[in-house]
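Report on the structure given below.
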2 protein chains.
Amino acid sequence: MTNRIEAQIRAKGLRLTGQRKLIAQVVASAHDHPDVPELHRRVAEEDDRISLATVYRTMKRFEELGILERHEFRDGRARYEPAAKRHHDHLIDVDTGTVIEFRSEEIERLQAVVARELGFDLVGHRLELYGRRRTARKES
Amino acid sequence: MTNRIEAQIRAKGLRLTGQRKLIAQVVASAHDHPDVPELHRRVAEEDDRISLATVYRTMKRFEELGILERHEFRDGRARYEPAAKRHHDHLIDVDTGTVIEFRSEEIERLQAVVARELGFDLVGHRLELYGRRRTARKES
DNA sequence: ATAACTGCAAACTTTTTGCTCGATG
DNA sequence: CATCGAGCAAAAAGTTTGCAGTTAT
């Protein structure tokens, strides 16, 4: 079953190797935001001859070609997600590390305004919210 | 001459060593946002017996006690600035690396709203804008 | 066939840490 | 003088790279 990433690999003129197919599958089906060593673990479950270096090289290559987007939250590790969906930012649950995607047109717009006021054209941004799940009652 | 950071070192019950005095001075007078190896270089100009490990340990200690704030832009290195001033975010000039501080009440407010809508209490955030200086005419 | 790709191990960068000695309060 | 801090070198953790062999096109 050829997923969207495989199609893009071909389209960008990359060779569709077994490793890349497998890595693409793992990335496409990852609904959390795993770092590279974790992706390697998942890939290795299927084929343990795939090296960590290959996963790193593949992620970098995929990002260069716009197939994946790279993020780096507070822990400093690189995380990737398919670039297909539309732009969004992230809210990280500080207790669990769970990453929630969100989108705020209002904030997007204001960012451009702020940049412009400072004499810049906005070419990118990084917005991460860190939050704690709201519960009815207070606990420890 | 005792700067604000030295006062805080005492106030927090840390020992005011020669190394810390010097590091505090360098940090206080740095108006860019240097990373740790760079701070070490500046400190070493004054006293080259101060080790890199000490600068790292001091930065971490200072951050834990709220004397400094740590940032990490796209390059992945830790950067520090005195925590004294009021909260602000950063715009990074992608061509020069220059860091500009700004503040947007509007964005601050919206972040809390977004978090709340997702069922979270906002406990922190990271907002960085990446921009290119606007010039009158277009170049290369 | 040949350029692209992979695996392996070694190298790199930034940051942390164990240990011993020295300095501060 | 008891403890906290500093220096040094080694270790971590994540990531990159040189090289030689393999594979997709």
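Chain letters run A, B, ... following the sequence lines, proteins first and then strands; every chain starts at 1.
Ion pair B/Asp95/B/Arg132 flagged as a salt bridge, since at least one NZ, NE, NH1 or NH2 atom sits closer than 4.0 Å to an Asp/Glu carboxylate oxygen. Using a 4.0 Å cut-off between a side-chain N of Lys or Arg and a carboxylate O of Asp or Glu, A/Glu38 and A/Arg42 qualify as a salt bridge. We find that B/Glu63 and B/Arg61 are not joined by a salt bridge, their nearest charged nitrogen and carboxylate oxygen being 4.0 Å or further apart.
Each of B/Arg49 and B/Arg15 was matched to the nucleotide of DNA chain D holding its nearest heavy atom; the match closer to the 5' end belongs to B/Arg15. Sequence order on DNA chain C of the closest nucleotides to B/Tyr80 and A/Asp48 puts A/Asp48 first from the 5' end.
Rounding to whole angstrom units, CD of residue B/Glu63 and C1' of C/dT15 are separated by 13 Å. With rounding to whole Å, B/Arg61 atom CZ is found 12 Å from D/dT3 atom C1'. Following rounding to the nearest Å, B/Arg77 (CZ) and D/dT15 (P) show an atom-to-atom distance of 15 Å. In this structure, the NZ atom of A/Lys21 is 20 Å from the P atom of C/dA4, given to the nearest Å. When rounded to the nearest whole Å, the span between CG of B/Asp75 and C1' of C/dT14 equals 11 Å. With rounding to whole Å, A/Phe62 atom CZ is found 16 Å from C/dA4 atom P. The distance from atom CD1 of B/Ile50 to atom P of D/dG5 is 15 Å, rounded to the nearest whole Å. Remark: P of C/dT6 and CG of A/Leu14 are 10 Å apart, rounded to the nearest angstrom.
In this pair, B/His33 and B/His90 present their aromatic rings perpendicular. The plane angle is above 60°, beyond the 30 to 60° band.
Remark: B/Arg20 is in phosphate contact with D/dG5, judged by side-chain N or O atoms under 4.0 Å from OP1 or OP2. Note on A/Thr54: a side-chain N or O is less than 4.0 Å away from OP1 or OP2 of C/dG7. For B/Thr17 and D/dA6, the shortest distance from a side-chain N or O to OP1 or OP2 is below 4.0 Å. The side chain of A/Tyr56 contributes an N or O atom lying less than 4.0 Å from OP1 or OP2 of D/dT15. Under 4.0 angstrom from either OP1 or OP2 of C/dT15 there lies no side-chain N or O belonging to B/Lys60. Contact between the side-chain N/O atoms of A/Gln19 and the OP1/OP2 oxygens of D/dT23 is not found at any separation under 4.0 Å.
Residue-level contact check: A/Leu16 touches the backbone only, with heavy atoms under 4.0 Å from sugar-phosphate atoms and none from bases. Residue contacts for B/Leu52: at a heavy-atom cut-off of 4.0 Å it reaches a base atom on one of the strands shown. Using a 4.0 Å heavy-atom distance criterion, B/Arg57 is classed as a base contact.
For A/Arg10, the listed nucleotide lying nearest its side chain is D/dT25; candidates were D/dT25, D/dA9, C/dG25.
Within 6.0 Å of CD on B/Glu64 lie more than 12 heavy atoms contributed by other residues, nucleotides or ligands.
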